[in-house]
2 protein chains.
Amino acid sequence: MVPRLAATSSDELDLIRINTIRMLAVDAVQQSNSGHPGMPMDSASMAYVLWTRHLRFNPRNPGWPNRDRFVLSAGHGSMLLYSLLHLTGYDLSLDDIRNFRQWGSRTPGHPEYGHTAGVEVTTGPLGQGFSHAVGMAIAEAHLAARYNRPGHQVVENRTYVIASDGDFMEGVASEAASLAGHLKLGRLVVLYSDNRITIEGSTDLAFTEDVGDRFRAYDWHVQRVDGNSIAEVDEAIRKANAETTRPSLIVARTHIGYGSPNRQDTSKAHGEPLGDEETRLTKENLGWPLEPAFYIPDEALQFFREAVGRGAALESEWEAAFANYAGEYPELAADLRGRLEGRVLPEGWDAEIPQFPAGPGLATRAASGKVLNSIAKRVPALVGGSADLAGSNNTHLDGESDLQAESMAGRNMRFGVREHAMGAVLNGMALSKAFIPYGGTFLVFSDFMKPAIRLAALMRQHVVYVFTHDSIGLGEDGPTHQPIEQLASLRSIPNVLVIRPSDANETAEAWRVAASHTGGPVALVLTRQKVATVDRTALGAASGLANGAYVLREAEGGTPDVILIGTGSEVHVALGAAETLASSGVKARVVSMPSWELFDRQPANYRESVLPSSVTARVSVEAAAGFGWERYVGSRGRTVSMAGFGASAPIEDLVREFGFTAENVASVAKEVLAGS
Amino acid sequence: MVPRLAATSSDELDLIRINTIRMLAVDAVQQSNSGHPGMPMDSASMAYVLWTRHLRFNPRNPGWPNRDRFVLSAGHGSMLLYSLLHLTGYDLSLDDIRNFRQWGSRTPGHPEYGHTAGVEVTTGPLGQGFSHAVGMAIAEAHLAARYNRPGHQVVENRTYVIASDGDFMEGVASEAASLAGHLKLGRLVVLYSDNRITIEGSTDLAFTEDVGDRFRAYDWHVQRVDGNSIAEVDEAIRKANAETTRPSLIVARTHIGYGSPNRQDTSKAHGEPLGDEETRLTKENLGWPLEPAFYIPDEALQFFREAVGRGAALESEWEAAFANYAGEYPELAADLRGRLEGRVLPEGWDAEIPQFPAGPGLATRAASGKVLNSIAKRVPALVGGSADLAGSNNTHLDGESDLQAESMAGRNMRFGVREHAMGAVLNGMALSKAFIPYGGTFLVFSDFMKPAIRLAALMRQHVVYVFTHDSIGLGEDGPTHQPIEQLASLRSIPNVLVIRPSDANETAEAWRVAASHTGGPVALVLTRQKVATVDRTALGAASGLANGAYVLREAEGGTPDVILIGTGSEVHVALGAAETLASSGVKARVVSMPSWELFDRQPANYRESVLPSSVTARVSVEAAAGFGWERYVGSRGRTVSMAGFGASAPIEDLVREFGFTAENVASVAKEVLAGS
């Protein structure tokens with residue numbers, strides 16, 4: 001027999017619906033014997049108010065472009081989101097919820113973008129969801145500024161976040177919050193579940209700052225409410241929505257594990273199932289039927305499912321408005337529609353990519369700047385900037401204005417010295433599908449944004465990183481600024497495409513690949529120093545870059561004694577070494593290998609044609625840690641690489657002292673040959 | 001002829017001395033044609049006041065333990081520090097300054113710890129110096145609380161920082177500032193050079209928050225001054241020193257490139273030499289002799305050099321006070337002296353490390369907790385904690401109190417969800433030599449603290465990381481929490497020792513190595529899940545861990561057909577595979593390889609004895625990216641590894657689906673043998 005909950009007032013009805021969210025979470029965590037019940041229990045009220053009164057979405061078309069975005073930054077509370085998705089009619093069944101955290105289910109431990117309809121972003125690593133949301137809000141504001149016209153607000157959505165104290169302890173969130181305040185992101189609304197409990201215990205153990213005051217210092221609009229008060233939360237969201245020139249933080253006092261007699265307000269509620277007994281006590285305490293588990297009162301379901309009709313209506317209205325807009329602004333509308341659907345590369349996007357004449361020298365970062373500009377002219381989706389190194393990273397778009405609070409349609413972003421937030425914001429923008437966002441910093445500082453790069457890879461987002469100053473070649477700034485292990489670190493991340501071009505024309509090819517790549521982010525790794533633009537009439541074509549590695553210089557007679565493999569600036573060292581070797585009768589092939597990932601995905605016969613297994617005398621040259629190069633040089637080969645950190649000195653001293661000279665590479669090649 | 005600057009008032013004298021600092025920086029940057037003149041020019045006044053009126057140091061003994069610490073967080077302004085070091089009589093000559101940024105000089109582009117006397121910490125990556133300083137202040141406060149006695153303030157120094165807007169844009173600084181406020185670090189004083197210029201231009205481009213208000217929200221004592229006003233700066237430092245229960249931030253309005261007629265207050269002053277003409281104009285503007293370069297007025301030098309006598313007196317006084325203390329508290333004094341001199345492992349420190357009986361299972365993180373506690377009992381220098389995961393990381397020291405504002409002598413640190421600040425704080429503590437600081441988080445979140453790990457490696461600091469939940473073996477939390485590329489990433493950093501023990505007894509050996517290691521940080525990589533404690537009577541001794549890799553299970557008859565190499569939990573998979581292979585007549589050796597770095601430094605004959613070059617059929621098993629394993633398995637070998645990200649499911653499903661089973665490894669081994 002199905003139990004019934006009797007409600008006699010609208011307040012009681014609200015409570016039943018809220019407890020429906022809570023209890024689904026409790027039961028799912030209990031069933032899987034794994035997960036985090038405390039957060040869904042504490043935030044169910046807020047989420048209820050938000051999802052049933054404010055959030056504009058269409059459960060039957062989760063990709064409706066003008067939907068509000070909801071980001072559960074506290075991703076460990078995934079069951080809160082799954083409960084809402086199921087209840088409001090997304091494609092997530094009760095069976096999916098019963099299979100919480102099981103192999104192949106659509107309800108993984110933390111929300112995963114691309115895995116579950118309605119999940120806007122992968123969250124779990126704290127601070128990231130919030131910071132990604134800043135990027136989402138920027139994306140909206142930019143598109144609105146660029147495409148809306150008087151009377152035609154075709155881009156008009158908000159970004160709502162539920163975040164936790166853990167989110168606000170993380171530095172990336174501080175960076176992103178400061179940037180959001182600077183950009184006056186009035187359509188970003190953050191509900192902070194201030195439950196005062198962390199995994200180790202009370203937040204008093206480590207976190208006694210005043211978060212609200214801190215956000216005021218960032219120029220946010222800050223309110224404080226009781227997170228269980230429907231009226232207060234509702235009113236606060238209304239005020240936040242009405243505040244258009246500042247992002248809003250709603251500090252909501254909540255109670256982790258709300259309703260659990262023995263676990264509420266304790267860290268034990270955070271990360272483990274309540275257990276049979278406490279589940280029973282909690283249900284009793286909240287007046288909830290003990291059986292069945294996963295109980296959803298009919299009335300609650302009907303009420304939540306009104307979102308389906310409401311969503312369909314919202315989308316229809318928007319489509320009608322869009323049609324009006326298209327009538328008046330057909331080109332703009334076509335352009336916008338294309339971007340909203342992810343068609344970011346118009347016909348002929350690469351027509352102006354320059355060919356660089358052979359010559360004595362152009363840093364690949366400088367070539368990158370020219371190529372980026374040549375593409376950006378035809379690709380409005382290319383929007384980005386640098387973490388305060390635009391001039392050094394050559395990321396500035398000529399003739400474009402800054403993206404600032406007063407000019408959100410600008411395309412040159414100013415991230416400040418905030419690499420990590422930059423990474424997260426780029427992801428947030430990419431998730432809209434309407435951008436190829438790019439961001440620059442020195443390669444060594446890719447470390448600061450690694451967690452965001454990883455999320456781009458995990459979500460397979462199309463983001464381009466412009467990492468310049470890519471080796472000891474940067475010279476005098478010394479070891480703190482000289483990347484060593486960063487190439488290995490980036491290459492080891494699944495789904496990241498790393499490209500280190502050797503000259504201007506390879507850089508052009510690298511951008512061609514980067515702009516059209518799918519399946520993950522692309523890291524362009526570029527020199528500070530000038531490198532020769534090699535003469536392609538005598539050498540392999542730069543288009544070989546698309547294959548990851550190619551024969552740049554064939555050995556005399558076509559049968560190499562030794563293969564020299566270089567990347568980036570060290571390709572030139574390898575070319576020099578080949579000439580040196582030639583003068584002593586050793587025939588060397590030079591392979592330019594700008595991208596391991598691209599090469600590894602080539603057919604075996606192509607790979608064999610570049611690196612014939614018969615030629616085991618191989619030397620790689622890369623001014624970075626040699627970590628991993630055994631894959632290509634094999635057991636007999638050698639790597640000319642950095643054994644430790646760099647040093648502060650002019651480049652010519654560094655390349656000599658660390659052995660990145662034609663002479664040294666030639667001599668290593670001879671050792672390999674002699675040792676055979 | 002040597003010029004003379006005539007001063008008729010004490011104000012003028014101050015100005016001449018300040019300009020001495022400025023002009024040394026200008027000339028050095030000019031001479032090397034590389035560097036950052038703007039910051040030394042803007043902060044020379046503040047630094048002058050601090051160094052001549054407040055900072056307590058002994059130039060002739062830079063290691064005097066009770067010295068105040070000075071941290072130039074804005075490390076690009078290195079010439080400010082080098083000027084001060086030379087002028088006050090440290091072992092840094094004018095020739096060293098003339099060789100700024102040259103190969104082999106003691107004046108590298110950014111200050112490098114261990115490279116230049118008087119440089120307390122390597123700085124340059126923004127936000128780090130400030131965050132390391134928080135660790136230094138914690139170290140002082142802990143030692144003071146632990147060792148001082150009424151009337152005997154033998155530990156009593158301050159930590160002073162000069163930081164820039166770039167420092168405060170970085171998230172790591174936000175984390176550290178919040179922690180510093182929480183811990184009420186009253187002896188930390190930070191001068192913020194608020195010059196309102198970043199590399200890209202005005203801070204208005206990206207950084208419009210109110211830093212002072214933000215720090216008030218962290219519970220800091222905040223003052224605002226004119227950075228060029230000696231009186232205001234002096235007074236503010238006095239007040240900051242008088243404030244004992246809150247860290248102090250002095251927001252000092254400064255002018256980048258101060259004195260340069262055409263570059264002051266412009267971003268052009270930041271990172272390039274002034275050039276001949278502007279140098280001339282600047283000197284004229286400040287009333288400075290045009291010749292010679294590197295001019296130091298005698299009076300100025302004499303004044304600055306008074307630091308030598310003052311420093312000697314300070315140290316003598318302290319030694320006298322210490323002798324009194326030692327008379328009254330001989331044991332305490334001996335203990336403290338040992339720690340201040342870096343003798344952190346007392347005789348018998350490892351006497352209580354447990355031997356674990358063979359048995360069905362203990363997670364290596366659990367074993368680690370026991371071993372850590374067994375050492376900590378005898379090693380008071382072991383102080384640390386976790387980024388809010390103490391229970392999961394097993395980092396808690398039993399019977400020890402928390403390190404909190406009210407109990408700074410406590411040894412259990414609560415870092416909050418601030419991995420990056422944790423990394424920086426650990427470094428700051430290690431720099432005192434009096435600690436073996438340790439910090440725990442999940443392995444995947446090592447990403448968040450990578451830049452701090454890199455600095456530990458660069459400075460070769462003895463820090464121990466306790467990274468648990470080291471693979472898909474963590475199960476249901478899914479891909480955001482499952483490390484894949486982190487092992488490769490850590491292994492690729494120079495000077496980092498990575499150890500992934502396979503059972504409880506290897507974990508004991510790992511801690512033995514970690515506690516006594518020198519030359520860099522140690523990362524312990526530990527399972528969430530239980531693993532068997534293997535029976536060492538039948539297998540190789542766990543002491544083999546110290547060699548990085550050893551034969552755990554010899555092949556039947558001693559001549560292996562194939563070598564299976566495992567790390568951590570996958571060693572057990574390899575053992576299972578060896579049994580499976582044995583049943584089909586294939587003789588497999590199992591090598592446990594907990595540490596690549598330790599193995600790679602063994603003599604060739606040892607390495608050959610473990611991995612004989614004659615046995616080319618090799619399979620590695622590690623539930624992580626296979627990146628780099630070619631080094632050990634060679635061209636013929638195979639790696640059983642993670643090709644992409646993980647998934648959310650119970651561990652038994654994950655190991656089966658991703659192939660970490662004895663059956664799969666045995667089958668791969670057979671494929672290798674068949675393919676030969």
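This is a predicted model, so every value here is computed, not measured. Excluded from the calculations below are hydrogen atoms, water molecules and symmetry mates; all remaining heavy atoms, backbone and side chain alike, are included. Each chain gets a letter, A, B and so on, in the order the sequences are listed, and its residues count up from 1.
Among B:Gly628, B:Ser174, B:Gly35, B:Ala488, the residue making the largest number of heavy-atom pairs under 4.5 Å with chain A is B:Ala488. Taking chain A as the reference chain and counting heavy-atom pairs below 4.5 Å, the highest number among B:Ile493, B:Thr616, B:Asp213 is found for B:Ile493. Between chain B and the options A:Leu389, A:Asn99, A:Leu179, heavy-atom pairs under 4.5 Å are most frequent for A:Leu389. Between chain B and the options A:Pro108, A:Pro125, A:Gly478, A:Gly181, heavy-atom pairs under 4.5 Å are most frequent for A:Pro125. Interface check for chain A: of the options B:Pro650, B:Ala643, B:Gly391, the most heavy-atom pairs under 4.5 Å are formed by B:Pro650. Comparing B:His76, B:Met169, B:His115 by heavy-atom pairs within less than 4.5 Å of chain A, the highest count is held by B:Met169. Note: B:Asp388 leads B:Asp210, B:Asp447, B:Thr208, B:Asp388 in heavy-atom pairs under 4.5 Å with chain A. Contact tally against chain A (heavy-atom pairs below 4.5 Å) for B:Gly416, B:Ser392, B:Ala649, B:Ser492: the top residue is B:Ser492.
Of the two parts of B:His182, the backbone and the side chain both hold a non-hydrogen atom closer than 4.5 Å to a non-hydrogen atom of chain A. Neither the backbone nor the side chain of B:Glu652 comes within contact range of chain A; no heavy atoms are under 4.5 Å apart. B:Ala647 touches chain A through its side chain: at least one heavy atom from C-beta onward sits under 4.5 Å away, while N, CA, C and O do not. Of the atoms belonging to B:Asp402, it is side-chain heavy atoms, and not backbone ones, that fall under 4.5 Å from chain A. Only the side chain of A:His420 comes within less than 4.5 Å of a heavy atom of chain B; its backbone N, CA, C and O stay farther away. Neither the backbone nor the side chain of A:Val211 comes within less than 4.5 Å of any heavy atom of chain B. Residue contact with chain A, scored on non-hydrogen atoms closer than 4.5 Å, is absent for B:Asp219. At a 4.5 Å heavy-atom cutoff, the contact between A:Ala457 and chain B is made by backbone and side-chain atoms alike. Heavy-atom distances place both the backbone and the side chain of B:Gln102 under 4.5 Å from chain A. Within the 4.5 angstrom heavy-atom criterion, only backbone atoms of B:Thr123 (N, CA, C, O) approach chain A. Only the side chain of B:Phe445 comes within contact range of chain A, judged by heavy atoms closer than 4.5 Å. With a 4.5 Å cut-off on non-hydrogen atoms, B:Val633 does not touch chain A at all. With a 4.5 angstrom heavy-atom cutoff, B:Asp204 touches chain A only via backbone atoms. Heavy atoms closer than 4.5 Å to chain A are found nowhere in B:Pro111, neither backbone nor side chain. Within the 4.5 angstrom heavy-atom criterion, only side-chain atoms of B:His36, from C-beta onward, approach chain A. Contacts of B:Ala625 with chain A are made by side-chain atoms alone, with heavy-atom separations under 4.5 Å and no backbone atom involved. Proximity to chain A (any heavy atom under 4.5 Å) is shown, for B:Arg491, by both the backbone and the side chain.
Of the possible polar contacts, one joining the B:Arg418 side chain to the A:Ala206 backbone as a donor-acceptor pair under 3.5 Å is found. Counting only distance, with no hydrogens or angles, the side chain of B:Glu175 and the backbone of A:Gly171 share a donor-acceptor pair below 3.5 Å. Using a distance-only test at 3.5 Å, with no hydrogens or angles considered, no donor-acceptor pair links the side chain of B:Glu209 to the main chain of A:Ser178.
Every residue two or more places apart in sequence or in another chain was checked for a salt bridge (Lys or Arg N to Asp or Glu O under 4.0 Å) with B:Asp165, and none qualifies.
A parallel orientation is assigned to the rings of B:Phe627 and A:Phe627, their planes being inclined by less than 30° (bins at 30° and 60°).
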Chi angles and distances behind the side chain to side chain contact (heavy atoms under 4.5 Å, CB included) call for B:Leu205, A:Gln404 | CA-CA 8 Å; B:Leu205 288 175; A:Gln404 292 286 359; 3.9 Å; yes

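Distance check, rounded to the nearest 0.5 Å: CD of A:Glu485 to CG of B:Leu490 gives 10.0 Å.
Side-chain contact between B:Arg454 and A:Gln486 is present, with at least one heavy-atom pair separated by less than 4.5 Å.
B:Gly109 approaches A:Ser648 most closely through the heavy-atom pair N-OG, 2.8 Å.
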